[in-house]
Colleague: 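One structure coming up, written as structure tokens, with questions to follow.
Each residue takes its place number in the sequence, starting with 1. It should be emphasised that the depicted structure is a prediction, and the values quoted were computed from it without experimental measurement.
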Amino acid sequence: MKKLLKVLVVFLLFSSVITSSALASSTRTVTDMTGQKVKIPKSIKRVADLWHANNQVVLLLGGQKKLVATTPLVKKQHWFTIVYPRITKVTAPLAGNQIQVEELIKTHPDVVITADPAQAKTARQAKLPTVNAMYTDFAGLKKSVMLTATILGGDAPKVGRQYNKELTQNINLVERQVKNRKSTPTVLHIVNSADLTKVDGQKTIVNEWIKIAGGRNAITENGNQISVTPEELIKANPDVIIVGSSTTAHARKALQANRQLRQLKAVREKKVYGNPQGTFPWDRYSAEEALQVLWAAKILHPQEMKNINMVSEVQHFYQKYYHYRLTPNQAQRIMK
């Protein structure tokens with residue numbers, strides 16, 4: 001009996017070791033953008049991406065077929081649906097920013113990606129491996145791209161490194177081209193044409209690309225999407241105004257219609273531009289920031305950037321990363 005008991009104990013211990021070893025070999029640990037260590041399956045086949053912008057990164061890295069959950073906004077992004085039509089069929093388990101937990105669980109995700117701490121908390125309470133991919137600058141963008149690439153696995157890390165290299169090259173190119181510029185125009189970046197007093201200030205990725213492109217942010221306050229008064233904008237009196245999520249024609253019309261802001265120098269001189277929007281808006285949290293730095297420099301310093309053909313640059317980017325062949329007309333539409 002003692003001998004049988006001893007054999008049973010050894011067997012159970014051995015089984016426990018095998019089970020632990022098998023579990024360890026089937027999972028891996030990644031560190032997200034908040035420093036949180038998250039255990040995820042070794043092989044990721046189902047991704048719930050609840051951050052609008054990061055869906056574009058998944059697309060860029062070739063992991064779009066793994067998306068089992070997305071956001072309502074992404075499903076309405078025109079060029080995203082053109083490049084990857086199946087996104088319109090992917091579940092969007094959100095009501096505003098609130099996760100519909102039961103709907104999310106039904107998608108059986110291997111990993112959840114978000115940029116919202118409250119969403120991360122909710123998903124983790126549902127026992128789902130959850131990664132925060134949020135960033136606020138170009139260094140963070142590169143790190144977040146590689147975090148997503150590491151999660152996706154396969155060829156994604158190779159593509160991520162390639163993208164980061166090209167982003168760096170574009171930034172360096174712009175800085176060289178505008179280094180000997182004759183002026184440094186002040187630039188106001190308005191979030192969208194619906195609220196002309198919501199702007200982007202210092203210590204933001206918007207401020208970074210303005211500076212890289214050879215401009216100076218007209219807003220001295222820190223922060224994304226901050227509210228200012230018309231009087232403050234009149235005092236800043238920017239040389240150039242760039243409006244997110246808007247066409248140039250619509251942005252100019254909106255500013256002209258505002259009795260106070262129509263007197264701004266940029267409005268009077270018709271130096272108001274809608275920011276390009278592709279699979280996601282270029283101006284913030286976007287993999288297409290690699291194009292944004294080129295476009296912004298060309299707007300601010302057309303003479304110094306005259307050798308850059310933005311139509312060709314957009315076509316090249318979409319072919320290389322999305323494997324989608326844009327016509328020249330489509331590329332021009334994205335920039336307008």
Colleague: Does any donor atom in the side chain of Thr130 or Asn132 lie under 3.5 Å from an acceptor atom in the other side chain?
Modeller: no
Colleague: Just one of Thr136, Asn54, Asn224 clears the side chain to side chain donor-acceptor pair (under 3.5 Å) bar with Tyr285, so which one?
Modeller: Asn224
Colleague: Can you name the residues that form a side-chain hydrogen bond (donor to acceptor under 3.5 Å, both in side chains) with Tyr135, not counting sequence neighbours?
Modeller: none
Colleague: Indicate, with yes or no, if Leu67 and Val57 share a hydrophobic cluster defined by side-chain heavy-atom contacts under 4.5 Å among Ile, Leu, Val, Met, Phe, Trp and Tyr.
Modeller: yes
Colleague: With Asp110, which residues qualify under salt bridge (charged side-chain N to carboxylate O under 4.0 Å, His left out), at least two apart?
Modeller: none
Colleague: Measure from the side-chain N and O atoms of Ser286 to the backbone N and O of Pro281, and report whether any donor-acceptor pair falls under 3.5 Å.
Modeller: yes
Colleague: Take atom CD of Gln36 as the centre, draw a 6.0 Å sphere, and report whether it contains more than 12 heavy atoms from other residues, nucleotides or ligands.
Modeller: yes
Colleague: Going from CE on Met335 to NZ on Lys298, what distance comes out if it is rounded to the nearest 0.5 angstrom?
Modeller: 9.5 Å
Colleague: Quick check for you: to the nearest 0.5 Å, what is the distance between Met134 atom CE and Thr34 atom OG1?
Modeller: 12.0 Å
Colleague: Between Lys75 (side chain only) and Ala92 (backbone N and O only), is there a donor and an acceptor less than 3.5 Å apart?
Modeller: no
Colleague: Are there over 12 heavy-atom neighbours, none belonging to Asn309, within less than 6.0 Å of that residue's CG?
Modeller: yes
Colleague: Between Val83 and Gln77, does the side chain to side chain contact (heavy atoms under 4.5 Å, CB included) criterion hold? Intermediate values first, please.
Modeller: CA-CA 10 Å; Val83 172; Gln77 286 290 322; over 6 Å; no
Colleague: Check whether any side-chain N or O of Gln202 sits under 3.5 Å from a backbone N or O of Ile219 as a donor-acceptor pair, and report yes or no.
Modeller: yes
Colleague: Does any non-hydrogen side-chain atom of Ile212 lie less than 4.5 Å from one of Glu175?
Modeller: yes
Colleague: Identify the heavy atoms of Val187 and Gly215 that sit nearest to each other, and give their distance.
Modeller: CG2-CA, 4.4 Å
Colleague: Just how far is it from atom CH2 of Trp295 to atom CH2 of Trp282, taken to the nearest 0.5 Å?
Modeller: 8.0 Å
Colleague: Would the distance check show the side chain of Arg46 and the main-chain N or O of His108 forming a donor-acceptor pair, the cut-off being under 3.5 Å?
Modeller: yes
Colleague: Assigning hydrophobic clusters by single linkage (Ile, Leu, Val, Met, Phe, Trp, Tyr; side-chain heavy-atom cutoff under 4.5 Å), is Val90 placed with Phe280?
Modeller: no
Colleague: Within a reach of under 6.0 Å around CZ of Arg216, are more than 12 heavy atoms found that belong to other residues, nucleotides or ligands?
Modeller: no
Colleague: Are Ile226 and Ile210 grouped together when hydrophobic residues (ILVMFWY) are joined by side-chain heavy atoms under 4.5 angstrom apart?
Modeller: no
Colleague: Is there a donor-acceptor contact under 3.5 Å from the side chain of Asn192 to the main chain of Ser245?
Modeller: no
Colleague: Give, for atom OG1 of Thr122 and atom CG of Leu128, the distance between the pair rounded to the nearest 0.5 Å.
Modeller: 10.5 Å
Colleague: Carefully, step by step, assess Glu166 and Tyr321 under the rule side-chain hydrogen bond (donor to acceptor under 3.5 Å, both in side chains).
Modeller: CA-CA 11 Å; Glu166 187 162 340; Tyr321 293 107; 2.9 Å; yes
Colleague: Measure the spacing between OG1 of Thr70 and CG of Leu59 and express it to the nearest 0.5 Å.
Modeller: 10.5 Å
Colleague: Given 3.5 Å as the limit, does a donor-acceptor pair link the side chain of Asn275 with the main chain of Ile242, or not?
Modeller: no
Colleague: List the atom of Gln56, the atom of Ala287, and the distance in Å for their closest heavy-atom pair.
Modeller: OE1-N, 2.7 Å
Colleague: If I compare all heavy atoms of Ile105 with all of Pro109, which pair ends up nearest, and what's the gap?
Modeller: O-CD, 4.3 Å
Colleague: Around atom NZ of Lys320, are there more than 12 heavy atoms from other residues, nucleotides or ligands closer than 6.0 Å?
Modeller: yes
Colleague: Using 4.0 Å as the upper bound for N to carboxylate O, is an ion pair formed by Lys106 and Glu103?
Modeller: yes
Colleague: If every non-hydrogen atom of Val174 is compared with every non-hydrogen atom of Val293, which pair is closest and at what distance?
Modeller: CG2-O, 3.6 Å
Colleague: Determine, using the 4.5 Å side-chain heavy-atom cutoff (strictly less than), whether Met146 and Val38 are members of one ILVMFWY cluster.
Modeller: no
Colleague: Could you tell me which residues satisfy side-chain contact (heavy atoms from CB on, under 4.5 Å) with Thr81, sequence neighbours excluded, listed by chain and number?
Modeller: Ile87, Thr88
Colleague: Are side-chain heavy atoms of Arg252 and Tyr273 found at a separation under 4.5 Å?
Modeller: yes
Colleague: Go through the side-chain N and O atoms of Lys37 and Thr31 and say whether any donor and acceptor fall under 3.5 Å apart.
Modeller: yes
Colleague: Restricting to pairs with a member in residues 197-249, which pass ring-ring contact (aromatic ring centres under 6.0 Å, His included), not counting sequence neighbours?
Modeller: His189-Trp209
Colleague: What are the two closest non-hydrogen atoms of Asn217 and Gly201, and how far apart are they?
Modeller: ND2-O, 3.3 Å
Colleague: Can you check whether Met310 reaches Ile299 side chain to side chain, under 4.5 Å on heavy atoms?
Modeller: no
Colleague: Using modelled atom types only, decide if a donor and an acceptor are shared between the side chain of Gln64 and the backbone of Tyr84 within a distance under 3.5 Å.
Modeller: no
Colleague: If you apply the rule side chain to side chain contact (heavy atoms under 4.5 Å, CB included), what do you find for Ile82 with Tyr324, and how did you get there?
Modeller: CA-CA 9 Å; Ile82 294 294; Tyr324 188 87; 3.2 Å; yes
Colleague: Check for me, please, whether Leu152 and Leu141 land in the same ILVMFWY cluster - side-chain distances under 4.5 Å, paths through other members count.
Modeller: yes
Colleague: Given 3.5 Å as the limit, does a donor-acceptor pair link the side chain of Arg262 with the main chain of Gln256, or not?
Modeller: yes
Colleague: Could you check whether any side-chain heavy atom of Asp283 comes within less than 4.5 Å of a side-chain heavy atom of Ile205, counting everything from C-beta outward?
Modeller: no
Colleague: Roughly how far apart are Ile113 CD1 and Met33 CE, rounded to 0.5 Å?
Modeller: 12.0 Å
Colleague: Is a side-chain donor-acceptor pair under 3.5 Å present for Glu288 with Gln277?
Modeller: no
Colleague: Are more than 12 heavy atoms from other residues, nucleotides or ligands located less than 6.0 Å from atom NZ of Lys143?
Modeller: no
Colleague: Can you tell me if CG on Asp155 sees more than 12 non-hydrogen neighbours from other groups inside 6.0 Å?
Modeller: no
Colleague: Under a 4.5 Å cut-off applied to non-hydrogen side-chain atoms, are Pro93 and Glu102 in contact?
Modeller: no
Colleague: Mind checking side-chain contact (heavy atoms from CB on, under 4.5 Å) for Asn329 and listing every partner two or more places apart, or none if nothing turns up?
Modeller: Thr327, Gln332, Arg333
Colleague: Check whether Asn55 reaches the backbone of Trp51 with its side chain - one donor and one acceptor, N or O, closer than 3.5 Å.
Modeller: yes
Colleague: Is there side-chain contact between Thr229 and Thr197, with at least one heavy-atom pair below 4.5 Å?
Modeller: no
Colleague: Say whether, by atom type as modelled, one donor and one acceptor occur between the side chain of Gln177 and the main chain of Glu304 under 3.5 angstrom.
Modeller: yes
Colleague: Is there a side-chain contact between Thr91 and Val68, using heavy atoms and a 4.5 Å cut-off?
Modeller: no
Colleague: Is there side-chain contact between Gln315 and Pro328, with at least one heavy-atom pair below 4.5 Å?
Modeller: yes
Colleague: So, for Ile99 and Gln119, which heavy atoms are closest and what is the spacing to 0.1 Å?
Modeller: CD1-O, 3.4 Å
Colleague: For Ala251, give me all partners under side-chain contact (heavy atoms from CB on, under 4.5 Å), at least two apart in sequence or on another chain.
Modeller: Val243, Ser246, Val272
